[in-house]
Every structure is written in C-alpha cells, then in structure tokens.
Amino acid sequence: MNINFNFLLLGTSLSLIPQYAAAQCAEIDCLKLGYTKLQKCNGGLKCPFGEYWACPCDDSYKYTCSGANEQPGTDKCGDKYKSCNCASGYEWKDGKCQLKRTVLGQCTGQAKNCSIGQILNSDGTCSNDISSGKTPIGVVIYIDNGCGQAITPFPIANNLIWGGMGNDIPELTNYTSWSKAIEDKNSYENTKKIIQTGDSNTYPAAWAAINYYPETAQETKGLWHLPALRPIYFMLQTSNYKKINNTISKLNGTTIPANEVIFSSTEHNSNEVWGGCYQCGYETTSINKDAMNKNLSVRPIIEF
C-alpha cells in the first residue's frame, strides 16, 4: 500500500488554517484523503476530520525474510514483506520457507537428493534406514537427471503372464536389440499404453502394477507402473543389486533372488517382452508374453 504521507501531512497542516483551507476548498473527506482504516495502527496518521487512519503497511506485511533459507520478497512495505523468496529446493508455505515436498508419480527433480539403494518414503523423502514418523513404500533403483524410480520391496505377483501373445501394441516401440532396449526408461508411458490397449484379462501384469498400492500409503493408488527395462537393468548391476537387497531386508521385504525374472513394460516384438534377472546374461532376457512360472514376477515402480 503506497500512501503519500507528505500529502497527508500537508492536508493536516492546511486544516489548521481555516481561512486558507476555505480559500483552497480543502478536501475534508477522510476516505478521499487516503485515511481508510478504522483502527489505529503503528506508524499511522489519524484523519483530522474523523476517526479514520492512514496506515503505511497493513497486517499482511509481517515477514522480515531473515530466517533460514529465506530471501527478501518483492512486495515490501517499510522493513516488512508480504512473503519471502526461498532458496533452491525450498518453497514458501504457511509463512515460512519449507523443503519442497516431492510429488509422487511424476518427476519433480527432487530425486537428486536421493541415491540408489535408499528407502523412498511416502512423503517423497529418501533415507538410509527406517525413520520415525515416516512411511517407507519402496527402494530407489534408478535416478536420471533428478528423476527417480523406486520399486516395491516384494513381488506383488508370481505365476502371472505378461499377456497379449501375438499382439503387437502399436504405440509401444519394438526394441529388437538388447542395447536399444536398455535405453527405455519410460515406465509410466509404457504402462499407460498397455492398459489402454486391453483389459486385465489381456494384459494382467500391467494391470496388476497399476492397481497396486501399499496399505500404508493408499493415496499412491494409480501411481505404480510396470518398470521399463532401463531401471531394471540398473537395479541388477552387481553393486546396486547388493545395496537394493540389503535395503529390502531392512524393510522385511522379499529380496530379489538371482533367478527371479522381473517383467518390464518394454516390448520386444508381438510375442516377447524384455525382463531382467541377476543371473541372466547382461542382466536382461527376452520372455514369451504368455510364459508363466514361479520365477516370473511383477514388481511395480513409482516415479518421484
């Protein structure tokens, strides 16, 4: 609120000289003169013609912006601000700069604060161990340019076919070579295309993933997807594999045995998809879409 106090003071001084004020037809309406507040305020001026006050700063200007991770805002009155700017990674919320909350199910860039093998909690934070007051939901298996993917600490299904034998999903790229297939990181996009093509009877693995959610984090329903091959490939690299299994043990989950073949959402051709297992050559393998055995598993991922 920008008030010309010099003008107000002039108006006050003129009011003390009746003859001059009359000659100049001085304004005596407090509101027109800029006295708009009915309550007294610090540093304010009282209208000489009534009970109105002119206040240099209203109550919304109350922040000094001198706290941790705070920087001066743009809307200033006197020495106070309506809000503060925040340091990188923080956001203005509830009158202070707070660490940005990671939005699960999409990339927000906050995975740069995490590392492979850490626990992903339901509030989007990562930790090395179970933390008091936080709900663990997965294990970080892949990070790329601040975007992360975390996997469930147990398979949600075994003895389940991928589905769609003989059907080539036109929207999915056919990766006929291993070297190209391990570049596919589009877990979310792939799963969406699969479930749009057929129902849970046709593509049970993808539907099992999309319908999964932890009982302790029901708000994540619909955010879990069948992993693309690249995050699976990274997860099964020896150093990562050991760290991830160690974290799964901390969560009392089901560690990934060397012969467990994890379904990906990366299509090979109309009859096969890609999957990964630790003892497979190059940690990946091609799987018949209608194959079913106890070693084939669905372990959904969530992006963050």
Side-chain angles (χ1 to χ4, degrees), residues 65 67-71 83-156 185-189 191 209-228 230-237 239-256 262 298-304:
C65 297
N69 302 300
E70 293 179 358
Q71 300 164 355
S83 63
C84 307
N85 294 326
C86 299
S88 177
Y90 291 80
E91 61 183 345
W92 183 253
K93 186 176 180 181
D94 298 329
K96 59 184 177 181
C97 288
Q98 301 186 42
L99 189 66
K100 282 185 178 179
R101 179 186 175 95
T102 301
V103 180
L104 297 177
Q106 59 182 276
C107 172
T108 60
Q110 293 305 301
K112 65 185 179 183
N113 301 316
C114 303
S115 59
I116 292 176
Q118 284 190 311
I119 295 169
L120 176 68
N121 300 298
S122 62
D123 64 356
T125 61
C126 297
S127 56
N128 293 323
D129 297 291
I130 296 175
S131 302
S132 176
K134 294 184 180 291
T135 303
I137 60 173
V139 182
V140 179
I141 64 168
Y142 181 68
I143 297 174
D144 179 40
N145 291 324
C147 301
Q149 299 186 34
I151 204 164
T152 56
F154 49 81
I156 66 165
K185 59 185 178 183
N186 300 313
S187 306
Y188 168 80
E189 293 85 353
T191 304
I210 201 71
N211 286 326
Y212 166 77
Y213 60 90
E215 287 296 327
T216 54
Q218 297 187 25
E219 70 277 9
T220 64
K221 183 176 182 180
L223 303 181
W224 296 84
H225 303 92
L226 204 60
R230 187 170 182 80
I232 293 176
Y233 172 69
F234 268 80
M235 176 179 68
L236 296 174
Q237 301 298 301
S239 59
N240 294 336
Y241 175 73
K242 291 179 178 178
K243 287 190 292 187
I244 290 164
N245 266 346
N246 182 55
T247 303
I248 289 175
S249 295
K250 293 180 183 179
L251 298 177
N252 294 319
T254 304
T255 56
I256 306 167
I262 302 170
V298 176
R299 287 188 185 245
I301 62 92
I302 191 168
E303 296 188 33
F304 67 101

Measure the [atom1]-[atom2] distance between [X] and [Y] for me, rounded to the nearest 0.5 Å.
| X | Y | atom1 | atom2 | answer |
| --- | --- | --- | --- | --- |
| Asn245 | Asn240 | CG | CG | 11.0 Å |
| Asp123 | Thr135 | CG | OG1 | 8.0 Å |
| Ile151 | Ile141 | CD1 | CD1 | 4.5 Å |
| Ile137 | Ile302 | CD1 | CD1 | 4.5 Å |
| Ile301 | Leu223 | CD1 | CG | 10.0 Å |
| Ser187 | Ile232 | OG | CD1 | 7.5 Å |

For this session: Determine if the SG-SG distance between Cys65 and Cys84 falls under 2.5 Å.
Result: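 A disulfide, yes.
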Considering all heavy atoms of both residues, which atom of [X] and which atom of [Y] are nearest to each other, and what is their separation?
| X | Y | value |
| --- | --- | --- |
| Cys114 | Ile143 | O-CD1, 3.2 Å |
| Val140 | Cys126 | CG2-SG, 4.1 Å |
| Tyr233 | Gln237 | O-NE2, 3.0 Å |
| Pro153 | Gly138 | CD-CA, 4.3 Å |
| Leu120 | Ala150 | CD2-CB, 3.6 Å |
| Gly148 | Ala111 | N-CB, 3.4 Å |

Problem set entry | By salt bridge (charged side-chain N to carboxylate O under 4.0 Å, His left out) - contacts of Lys112 (at least two apart) |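 Counting only residues at least two positions away or on another chain, Lys112 forms no salt bridge (charged side-chain N to carboxylate O under 4.0 Å, His left out).
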For this session: Tell me, please, which residues at least two apart from Lys185 pass salt bridge (charged side-chain N to carboxylate O under 4.0 Å, His left out).
Result: Asp144
Using side-chain heavy atoms (C-beta onward) and a distance below 4.5 Å, is [X] in contact with [Y]?
| X | Y | result |
| --- | --- | --- |
| Thr254 | Arg299 | yes |
| Lys243 | Asn246 | no |
| Cys107 | Phe304 | no |
| Phe234 | Ile244 | no |
| Ile210 | His225 | yes |
| Glu70 | Tyr90 | no |

For this session: Check whether the side chains of Ser127 and Lys134 place a donor and an acceptor atom closer than 3.5 Å, and report yes or no.
Result: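 The criterion, which ignores hydrogens and geometry beyond distance, is not satisfied for Lys134 and Ser127.
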Problem set entry | Residues Ser122, Glu219; criterion side-chain contact (heavy atoms from CB on, under 4.5 Å); working and verdict | CA-CA 9 Å; Ser122 62; Glu219 70 277 9; 4.1 Å; yes
Exercise. If you count the non-hydrogen atoms of other residues, nucleotides and ligands that lie under 6.0 Å from OH in Tyr241, is the total more than 12?
Worked result: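 It does: Tyr241 OH has more than 12 such atoms within range.
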Exercise. Quick check: are there more than 12 heavy atoms from other residues, nucleotides or ligands sitting under 6.0 Å from NZ of Lys250?
Worked result: yes
Problem set entry | Qualifying residue, where the test is side chain to side chain contact (heavy atoms under 4.5 Å, CB included) with Thr247 and the options are Asp129, Ile116, Ile130, Val139 | Val139
For this session: Evaluate the side-chain contact (heavy atoms from CB on, under 4.5 Å) criterion for residues Trp224 and Ile156: first the C-alpha distance (whole Å), next the side-chain angles of each, then the deciding distance (0.1 Å), finally the verdict.
Result: CA-CA 11 Å; Trp224 296 84; Ile156 66 165; over 6 Å; no
For this session: Under the side chain to side chain donor-acceptor pair (under 3.5 Å) rule, what do Asn113 and Gln110 come out as? Steps first, then yes or no, please.
Result: CA-CA 6 Å; Asn113 301 316; Gln110 293 305 301; 3.2 Å; yes
